[in-house]
2 protein chains.
Amino acid sequence: MEPAHTPIGLLLARAAKTASRAFDDALAAEGGSIPVWLVLLALMRGGHRMQSELADEVGIQGPTLTHHLNGMENAGLLLRQRAPDNRRIHRIELTDTGRAMFHRLRGVAMAYDARLRSGFTEAELDMLRNLLERLAAKQAS
Amino acid sequence: MEPAHTPIGLLLARAAKTASRAFDDALAAEGGSIPVWLVLLALMRGGHRMQSELADEVGIQGPTLTHHLNGMENAGLLLRQRAPDNRRIHRIELTDTGRAMFHRLRGVAMAYDARLRSGFTEAELDMLRNLLERLAAKQAS
DNA sequence: TCATATTCCTTTGACATCGAATGATTAGAT
DNA sequence: ATCTAATCATTCGATGTCAAAGGAATATGA
């Protein structure tokens, strides 16, 4: 008789779904969302030349990024303008409003991360990080 | 100087996204999808009296389940009819086509699970399962 | 009995996401 | 020079998801 464990992929999907949901709700209370937070985080880190790089860093496709940038631009969080030296590229600049939103959402993210880590030892978290990274790396093949 | 690890939630979301994507692609090659597979799996396990129970088991909300049941009924995978004793409830029955689809998708799912587990020891998989279950349970609070 | 509440499901409207097609701009080849 | 490729972003169409509102059927309470 085999153990017939729940498939690891199903556990992974469930844990990620419940966690994302809780995080998104927390961000929504400050007027944000997960993709908005990830875009702000990537922009504050800087070093992007193209939107495609930004999309990669956030983990979404180009059209999805365009969608969020539209919303964020309408909300006054950022400005888009074509780069003078290569007019195919759109330069993105955060406004003061955008930076303020970043700081508010960072507070939410830090609190959420602390909450997520509570109840686990550092050794367990290191192990979890290692296992998740290996899982993600496997898919790339 | 702190380690400044990547937040655990971000690693979780990335691993789940890449894994789900790969699994969904594999299912699509057989004409399926993740929600269709989960609905078929739940129906084959049986024991549902109401659609809301089915939605819970699949991990989606009622309207989303209705959406997929519509598609699956149109595709000839199942039949819906009201229960005679309580006409609020819709009884769902898989057709032969639906059962055939289940068996095909089960092959995909088993192959995918094996692929996901490769490269990990049984001890590591047990550890990962334990950590993911604890993470998911934490959100329920 | 019959008005109201509850249960179960569906419809509606909204948003996130992606692939494919389209525009706009630049680079490259002859 | 100009014609074709390649590059970067957007638009379009489709799917998955949810919350809120809307039916349909049953249960409840005077």
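Hydrogens, waters and symmetry mates are skipped; everything else that's a heavy atom, side chains included, is used. Letters go in sequence order (proteins before strands), and every chain restarts at 1.
- Whole-Å rounding puts the A/R80 CZ to D/dA9 P distance at 10 Å.
- Within a 6.0 Å sphere centred on CZ of A/R49, heavy atoms belonging to other residues, nucleotides or ligands number 12 at most.
- Along DNA chain C, the nucleotide nearest to A/P84 and the one nearest to B/R82 differ in position, and the one closer to the 5' end is contacted by B/R82.
- The minimum heavy-atom distance linking A/L94 with A/L77 is given by the pair CD2-O, 3.4 Å.
- Between B/R88 and the phosphate of C/dT10, there is no side-chain N or O to OP1/OP2 separation shorter than 4.0 Å.
- For the pairing with B/R80, the side chain to side chain donor-acceptor pair (under 3.5 Å) check across B/E73, B/E93, B/H90 returns one residue only, B/E73.
- The side chain of A/R21 places an N or O atom within less than 4.0 Å of a non-bridging phosphate oxygen (OP1 or OP2) of D/dA19.
- For the pairing with B/L132, the side chain to side chain contact (heavy atoms under 4.5 Å, CB included) check across A/L10, A/L131, A/T6, A/L11 returns one residue only, A/L11.
- With B/R134 contributing its side chain and A/G119 its backbone, the two residues share a donor-acceptor pair below 3.5 Å.
- A distance of 8.5 Å separates CG of B/D113 from CZ of B/F23, quoted to the nearest 0.5 Å.
- Across the protein-nucleic acid pair, B/R91 atom CZ and D/dA25 atom P stand 16 Å apart, rounded to whole Å.
- The distance between atom CG of A/D85 and atom P of D/dT7, rounded to the nearest whole Å, is 17 Å.
- Residues forming a side-chain contact (heavy atoms from CB on, under 4.5 Å) with A/M110 (at least two apart in sequence, or on another chain): A/R106.
- In the helix from C/dT1-D/dA30 to C/dT25-D/dA6, the rotation axis of the first five pairs and that of the last five pairs differ in direction by 20°, rounded to 10 degrees.
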For this session: Would you please test B/R45 and B/E57 for side chain to side chain contact (heavy atoms under 4.5 Å, CB included) and show each step?
Result: CA-CA 11 Å; B/R45 273 206 283 259; B/E57 186 167 338; 3.1 Å; yes

For this session: Please assess B/L12 against A/L12 for the test side chain to side chain contact (heavy atoms under 4.5 Å, CB included), listing each intermediate value before the final yes or no.
Result: CA-CA 8 Å; B/L12 180 62; A/L12 181 62; 3.8 Å; yes

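- Remark: P of C/dT6 and CD1 of B/I89 are 18 Å apart, rounded to the nearest angstrom.
- Partners of B/D56 according to the side-chain hydrogen bond (donor to acceptor under 3.5 Å, both in side chains) rule, which considers only residues two or more places apart in sequence or in another chain, do not exist here.
- Between B/K17 atom NZ and C/dT17 atom C1' there is a gap of 7 Å when expressed in whole angstrom units.
- For B/H90, the side-chain atoms get nearest to C/dT10 when compared with the rest of D/dA19, D/dT10, C/dT10.
- Each of B/T121, B/L128, B/D126 was checked for a side chain to side chain contact (heavy atoms under 4.5 Å, CB included) with B/E124, and the lone residue meeting it is B/T121.
- In this structure, the CD atom of A/Q81 is 14 Å from the P atom of D/dA9, given to the nearest Å.
- For the side-chain hydrogen bond (donor to acceptor under 3.5 Å, both in side chains) condition, no pair includes a residue of residues 13-38 of chain B, sequence neighbours left out.
- Residues from residues 63-76 of chain A placing a heavy atom under 4.0 Å of any atom in DNA chain C, listed by number, are A/P63, A/T64, A/H67, A/H68.
- Against the 90° criterion about 0, the sugar-base torsion of D/dA5 places it in the syn range.
- Distance, B/Q61 CD to C/dT10 P: 15 Å, rounded to whole Å.
- Heavy-atom distances under 4.0 Å link DNA chain D to A/M50, A/Q51, A/S52 of residues 24-60 of chain A, given in residue order.
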